[in-house]
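All residue numbers in this chain count up from 1 along the given sequence. Counting convention: from 1, in listed order, for ligands and their atoms alike. These figures come from a predicted structure and were not determined experimentally.
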Amino acid sequence: MTTILVIGSGAMGRQIGMAAAVAGFTTTVRDVDPGAVTAAETDMRGWLDGRVAKGRLSAEQAADAGGRIRFTTELEEPAAHADLVIEAATEKLDVKRAIFTDLDRLTPDHAILATNSSTLGSSAVADATGRPDRVCNLHFFNPALVMRAVENVRNEHTSDETVATVSAVVRALGKSPVLLTREVPGFVANRLLAAVRNEALELYADGVASFEDIDVAARDALGHPMGPFELMDLVGIDVSYLIRQAAFEQSGDPQDLPHPLVTAKYEAGEYGRKTGKGWYDHD
Ligand code: CAA
């Protein structure tokens, strides 16, 4: 495994790609949208400069990592050389299935096709390929250049060899694999997160404390790096909403629906940092 192709250059795809390049993999980040490709490349080259300025990477290490990564709209050529593909495109099943069908056609037989989806198990796309044993979830966390765990979720066809290979890649990225033996909605980390978030939303909705103070409690009483409301703003309230909506669609259980306060923010277009306003103002 030396060559990684990341599909999608959004907040997750670009950072997964850069993490791979820094770790020594030859990496391509591909997006259908030329504007998104340029924005991702500018952001990530700026990140490399920032690492050098902060003394976290030497100028040589940054130049090497920068030389190992490219950002492009091309698919066929990078797919033909990929050992591992990490799909981080939009969370829409029909889009992902079309991507996996194309990847199955364009990548070498040995290539592993992984999805970064947090809501769809890879079984939802594995049957769009002729290699379901080499398909799994590799679920990174935001910001992917910083967060060290990656959930490796098998579907019923994923082979032991695939699990072992992607776990080795995750370790080579300097991260810790979390192996899930089967697909469950929310996987592990988002279920833990949801439990905290639900309590936080209920406490705020009941008027027990302000959302700012609930964040203070999470940070300064429990040692969380961020409070649950700050974290929703970082990850995106739209993402939180869509994850719960997808969970409800899978389970049919009204308890899985997004909290009404999250729905209200979602409908108001207040998604957090990405729109300048969520729970907090980010101007
Ligand atoms: N991109 C890249 N690097 C970043 C970053 C970003 N967006 N934000 C912070 N960093 C880096 C900084 O450069 C800094 O690196 P160095 O120490 O090496 O210089 C380091 O992270 C710490 O940053 P700061 O000092 O600026 O701020 P901080 O100490 O408050 O950390 C944080 C920021 C890393 C985001 C931290 O608050 C944190 O860990 N928050 C929790 C994040 C979390 O829970 N993520 C999971 C979300 S759930 C998810 O992603 C799953 C899903 O399916 C949606």
Side-chain angles (χ1 to χ4, degrees), residues 8-23 29 39-40 42-58 61-62 65 69 86-91 96 114-122 137-153 173-176 178 180 183-198 200 214-216 218-220 222-247 250 258 262 266 271-274 278-280 282:
S9 69
M12 295 303 291
R14 69 181 67 172
Q15 292 213 0
I16 295 168
M18 187 49 85
V22 170
V29 177
T42 305
D43 181 27
M44 287 295 100
R45 304 246 175 244
W47 179 83
L48 278 177
D49 292 343
R51 294 282 85 188
V52 176
K54 223 171 169 181
R56 298 286 198 250
L57 291 178
S58 69
Q61 286 170 322
I69 190 165
I86 303 170
E87 173 277 318
T90 184
E91 289 285 84
K96 288 189 191 290
T115 174
N116 177 53
S117 180
S118 54
T119 53
L120 297 165
S122 65
N137 286 76
L138 266 187
H139 180 221
F140 291 74
F141 294 86
N142 188 339
L145 279 161
V146 180
M147 305 315 286
R148 290 195 48 229
V150 180
E151 290 175 323
N152 175 4
V153 189
L173 293 175
K175 298 187 184 290
S176 316
V178 176
L180 274 74
E183 295 173 346
V184 292
F187 306 150
V188 169
N190 276 344
R191 282 172 80 135
L192 300 178
L193 195 57
V196 172
R197 180 173 297 167
N198 290 344
I214 296 170
D215 278 348
V216 172
R219 277 198 316 270
D220 295 349
L222 304 177
H224 292 191
M226 282 184 156
F229 294 95
E230 292 172 306
L231 188 54
M232 274 187 264
D233 276 8
L234 172 74
V235 171
I237 291 171
D238 54 330
V239 175
S240 302
Y241 172 88
L242 291 169
I243 286 175
R244 292 301 293 259
Q245 198 64 39
Q250 279 177 32
V262 170
Y266 178 79
Y271 295 168
R273 290 192 190 186
K274 66 176 85 167
W279 294 102
Y280 294 88
H282 299 277

Do protein heavy atoms approach [atom] to less than 4.0 Å?
atom                    : value
atom 42 (C) of ligand 1 : yes
atom 20 (C) of ligand 1 : no
atom 29 (O) of ligand 1 : no
atom 26 (O) of ligand 1 : no
atom 16 (P) of ligand 1 : yes
atom 3 (N) of ligand 1  : yes

Could you give the distance from [atom1] ([X]) to [atom2] ([Y]), rounded to the nearest 0.5 Å?
X    : Y    : atom1 : atom2 : result
L145 : K175 : CG    : NZ    : 6.5 Å
E91  : L242 : CD    : CG    : 8.5 Å
M232 : R197 : CE    : CZ    : 5.0 Å
F141 : S118 : CZ    : OG    : 8.5 Å
D233 : M226 : CG    : CE    : 9.0 Å
W47  : K54  : CH2   : NZ    : 10.5 Å

Close approach of [X] to ligand 1, heavy atoms, under 4.0 angstrom:
X    : value
Q15  : yes
H139 : yes
R51  : yes

With atoms numbered from 1 as shown, which atoms in ligand 1 lie under 4.0 angstrom from a non-hydrogen atom of [X]?
X    : value
S118 : 53 (O)
R56  : 16 (P), 17 (O), 18 (O), 19 (O)
L193 : 48 (S)
P225 : 36 (C), 37 (O), 38 (C), 39 (O), 40 (N), 41 (C)
L231 : 41 (C), 42 (C), 43 (C), 44 (O), 45 (N), 47 (C)

Starting from [atom], which protein heavy atom do you reach first, and at what distance in Å?
atom                    : value
atom 54 (C) of ligand 1 : V235 CG1, 3.5 Å
atom 32 (C) of ligand 1 : M226 CE, 4.8 Å
atom 46 (C) of ligand 1 : N142 O, 3.5 Å

Nearest non-hydrogen contact with atom 9 (C) of ligand 1 belongs to which option: I243, L192, V146?
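Nearest heavy atom to atom 9 (C) of ligand 1 lies in V146.
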
Run down the list P143, A149, G227 and name the one with the heavy atom closest to atom 7 (N) of ligand 1.
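The option holding the nearest heavy atom is P143.
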
Within a 6.0 Å radius of atom CZ on R219, are there more than 12 heavy atoms belonging to other residues, nucleotides or ligands?
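For R219, atom CZ is crowded (more than 12 foreign heavy atoms under 6.0 Å).
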
Any side-chain heavy-atom pair of M18 and I69 under 4.5 Å
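Yes; the side chains approach each other to less than 4.5 Å.
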
With under 30° as parallel and over 60° as perpendicular, where do the rings of Y241 and Y266 fit, or are they tilted in between?
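Judged by the thresholds at 30° and 60°, the geometry between Y241 and Y266 is parallel.
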
Salt bridge (Lys or Arg N to Asp or Glu O under 4.0 Å) partner of D238, the single match among R273, K274, R244
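Exactly one option meets the salt bridge (Lys or Arg N to Asp or Glu O under 4.0 Å) with D238, and it is K274.
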
Are any side-chain N or O atoms of D43 and backbone N or O atoms of A39, one a donor and one an acceptor, separated by less than 3.5 Å?
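Checking the backbone N and O of A39 against the side chain of D43, no donor-acceptor pair under 3.5 Å is found.
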
